[in-house]
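Keep in mind that what you see is a predicted model, and the values were worked out from it rather than measured. Residue numbers start from 1 in every chain, and the chains themselves are labelled A, B, ... in the order their sequence lines are given, proteins ahead of strands.
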Number of protein chains: 2
Amino acid sequence: MLRVAVDIVLFGYAEQQLQLLLIRRKYAPIAWALPGGFVLDEEDLDTAVARELQEEAGVADVYLEQLYTFGAVARDPRRRVISVAYYGLVKPEKFTLSATTDSAEAKWFRFDNLPELAFDHADIIGVAHQRLRAKVTYQPVGFELLPDKFLFSDLQRLYETLLGRELDRRNFRKKILSFSIVEETGDKQQNVAHRAGSLFRFNKERYAEMVQSGFYFEL
Amino acid sequence: MLRVAVDIVLFGYAEQQLQLLLIRRKYAPIAWALPGGFVLDEEDLDTAVARELQEEAGVADVYLEQLYTFGAVARDPRRRVISVAYYGLVKPEKFTLSATTDSAEAKWFRFDNLPELAFDHADIIGVAHQRLRAKVTYQPVGFELLPDKFLFSDLQRLYETLLGRELDRRNFRKKILSFSIVEETGDKQQNVAHRAGSLFRFNKERYAEMVQSGFYFEL
DNA sequence: ACAAAAGTGTTACTTATACACCCATGA
DNA sequence: TCATGGGTGTATAAGTAACACTTTTGT
C-alpha cells in the first residue's frame, strides 16, 4: 500500500561552513537519514513536517519551504513511499538537538563531509542544495543563518560558501548596503589581533520586503 | 485512508490568448476540473501524469514539470487526497482532445475566462500561473507554445500576455535576437492588408542551451 | 614592527531604457 | 489613398566589474 512521508533538509551555518541536520535511524535500515516520517491521515503536510522535526531532533519553530516530491517506485526498496521534501535554514546555535522517538541521535554535519545516507536522501539533499544556491541570487538569505550580530565579512563568507565563488569585498558591501537590509549596531568586535570590525544586524522590516519583492543579486 | 493523486495544469496559447485544458468530470462532483487522478501503487509520478493526461484528454508526449504538492486535510471533502501537481506548455493545435475513461469532455478554456472548478483546483491553477510568469523571466518560453513558424509580433504578444504588460517593440526584438534563439525562415506572411512580416523559427540547439544555462530576461 | 583583517572610491564598460519615423501591402 | 502592422537606430541613464592602498589592533 502506498504511503506518504515528509523529509526535511535543514541547513545551518556554523564555523564558517554550511551544515546539515541528520538523524541516526533506530530501525532498519540503520543509517544516517534526513529527519522525517509518515504523514498521518488527519494531518496537513506542514503539520507533519513540524511534528517530525520536533520528534526526531527536538527542533521547533523553523520556517520551511516545500522543495519537491520524490515518488519513484523503488526509492524505498521495502514498500512504496512517496516523500514530500521540505527545506529550511536555521542558526544551529539556537537549538539543542535531542534524540527522541524514532531517532537514536540527531547531529549537524558539515555539508562538505556527509556520511552515507539511507534511501534516496542523497538525491534529495542534492536538489535542496541546488535550490538553496538559486534562492541566494534572488532573495536575501542570511537572516536565517547568521547570528543576530555579525561582521560584514561573515555575511560575505556565507555568500561565498553558498555560491561557491569569491566575491569582491567593496562591491559586495556596496550592493548589500544599497538594499538597506543590514545596519550597524554600533558595537565592534572585541579582542582581535587586527582592526576591530563593526557588528551589523539585519533590518527585519526591510528584509521582509526584500524577500517578498525579489532582489536579483548577482556579484 | 490517505491517497495520492496527480493533477495537471496544461497551458496552451491560441487566438493570442493563454489557454488552459480542463476536463468535465463524469463522477461527483460533476464539475470542470484539472486532468489528473490517483497514482497507482506501482507507478512513478511521471508515469501517472502521462497516463492520466492520455486517459482523460487524449494528450500525449508533453513536457511537464512538477509544480507543488497540495496536502491540506480538507482539500477534498470526501476523503484525504494529497495531490502532486504538474504543469506544462503546449501548442493546442497539435492535439485532438478526446474524452475517455473518466471524463465526459476535455476542453481548452481561455485563461481569463475559466469556469467554476472542483476541489482546490483554482488554487492550484493560481500557483501554476505564478510559476509560469516567474519562469518567463529566467528561461525562454515560446518554443512550446508557438507554432513552428511565427511572426516576431506573435512572440512579443505571447510575452506581453504572460507578463501582463506591454513591451517596447524595438527593445524586445534586439534582446531576443541577441540570444540567437530565433532565426528567420526566409518566408513571409501571405495575404495581409499591410506589409508582410518575416516568419521566424526557434533555433532548437541554442534554445536548449538557454533553457539550461538560464537567461535573465527583463524588459 | 609585523601580521591580519577592516575599511574605503573611481573609472571603464556593459546593459537597459526611452523614443519616432518610414515601409509594404491589400482593400 | 488610406489603414494596418512591419521594420529599424541612437542617445542617455543605470548598473556592474575591476582594481590598491591605508587603518587599527594585538602580539
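- Between the NZ atom of B:K175 and the C1' atom of D:dG9 there is a distance of 18 Å, rounded to whole Å.
- Evaluation of the side-chain hydrogen bond (donor to acceptor under 3.5 Å, both in side chains) test over residues 134-151 of chain A, restricted to residues two or more places apart or in two chains, returns A:E65-A:K135, A:K91-A:D148, A:K135-A:Q139, A:E144-A:Y207, A:K149-A:D187.
- Of the inter-residue distances, the one linking B:W108 atom CH2 with B:E93 atom CD reads 9.5 Å to the nearest 0.5 angstrom.
- A:L151 places its CG atom 13 Å from the C1' atom of C:dA4, with the value rounded to the nearest Å.
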*Audit row: B:E105, B:W32, side-chain contact (heavy atoms from CB on, under 4.5 Å) steps and yes/no*: CA-CA 9 Å; B:E105 189 180 356; B:W32 290 98; 3.8 Å; yes

_Across nucleotides 19-27 of chain C, 5' to 3', mark each nucleotide with B, S or - according to how protein heavy atoms within less than 4.0 Å reach it._
BB--BBBS-

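- Between D:dG5 and B:S153, no contact under 4.0 Å exists linking OP1 or OP2 to a side-chain N or O.
- B:L167 places its CG atom 12 Å from the P atom of C:dA18, with the value rounded to the nearest Å.
- Between the CZ atom of A:F152 and the P atom of C:dT8 there is a distance of 10 Å, rounded to whole Å.
- Between B:S198 and D:dG7, a side-chain N or O to OP1/OP2 separation shorter than 4.0 Å is present.
- Shown are B:D112, B:N113, B:L10, B:I125; of these, the side-chain contact (heavy atoms from CB on, under 4.5 Å) with B:L20 is made only by B:I125.
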*Checking ring pair (Phe, Tyr, Trp, His ring centres under 6.0 Å) for the pair A:Y68/A:F70: CA distance, chi angles, key distance, verdict?*
CA-CA 6 Å; A:Y68 196 80; A:F70 295 81; 5.2 Å; yes

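- For A:I176 and C:dT8, the CD1 to P distance is 15 Å, given to the nearest whole Å.
- The structure places CZ of A:F11 at 7.5 Å from CG of A:L89, a figure rounded to the nearest 0.5 Å.
- Where the helix from C:dA1-D:dT27 to C:dA27-D:dT1 starts and where it ends, the local axes point in directions that differ by 0°; five pairs per end, rounded to 10°.
- For the pair A:F172 CZ and D:dC19 C1', the computed distance is 18 Å after rounding to whole Å.
- Distance A:F179 CZ to D:dG15 C1': 11 Å, rounded to the nearest Å.
- Ring-plane geometry between A:F200 and A:F152 is classed as perpendicular, the angle between the planes exceeding 60 degrees on a 0 to 90 degree scale with a lower cut at 30.
- A distance of 10.5 Å separates OH of B:Y63 from OH of B:Y86, quoted to the nearest 0.5 Å.
- Relative orientation of the B:F202 and B:F150 rings is tilted, given thresholds of 30° and 60° on the angle between their planes.
- Atoms CZ (B:R173) and P (D:dG9) sit 11 Å apart, rounded to a whole Å.
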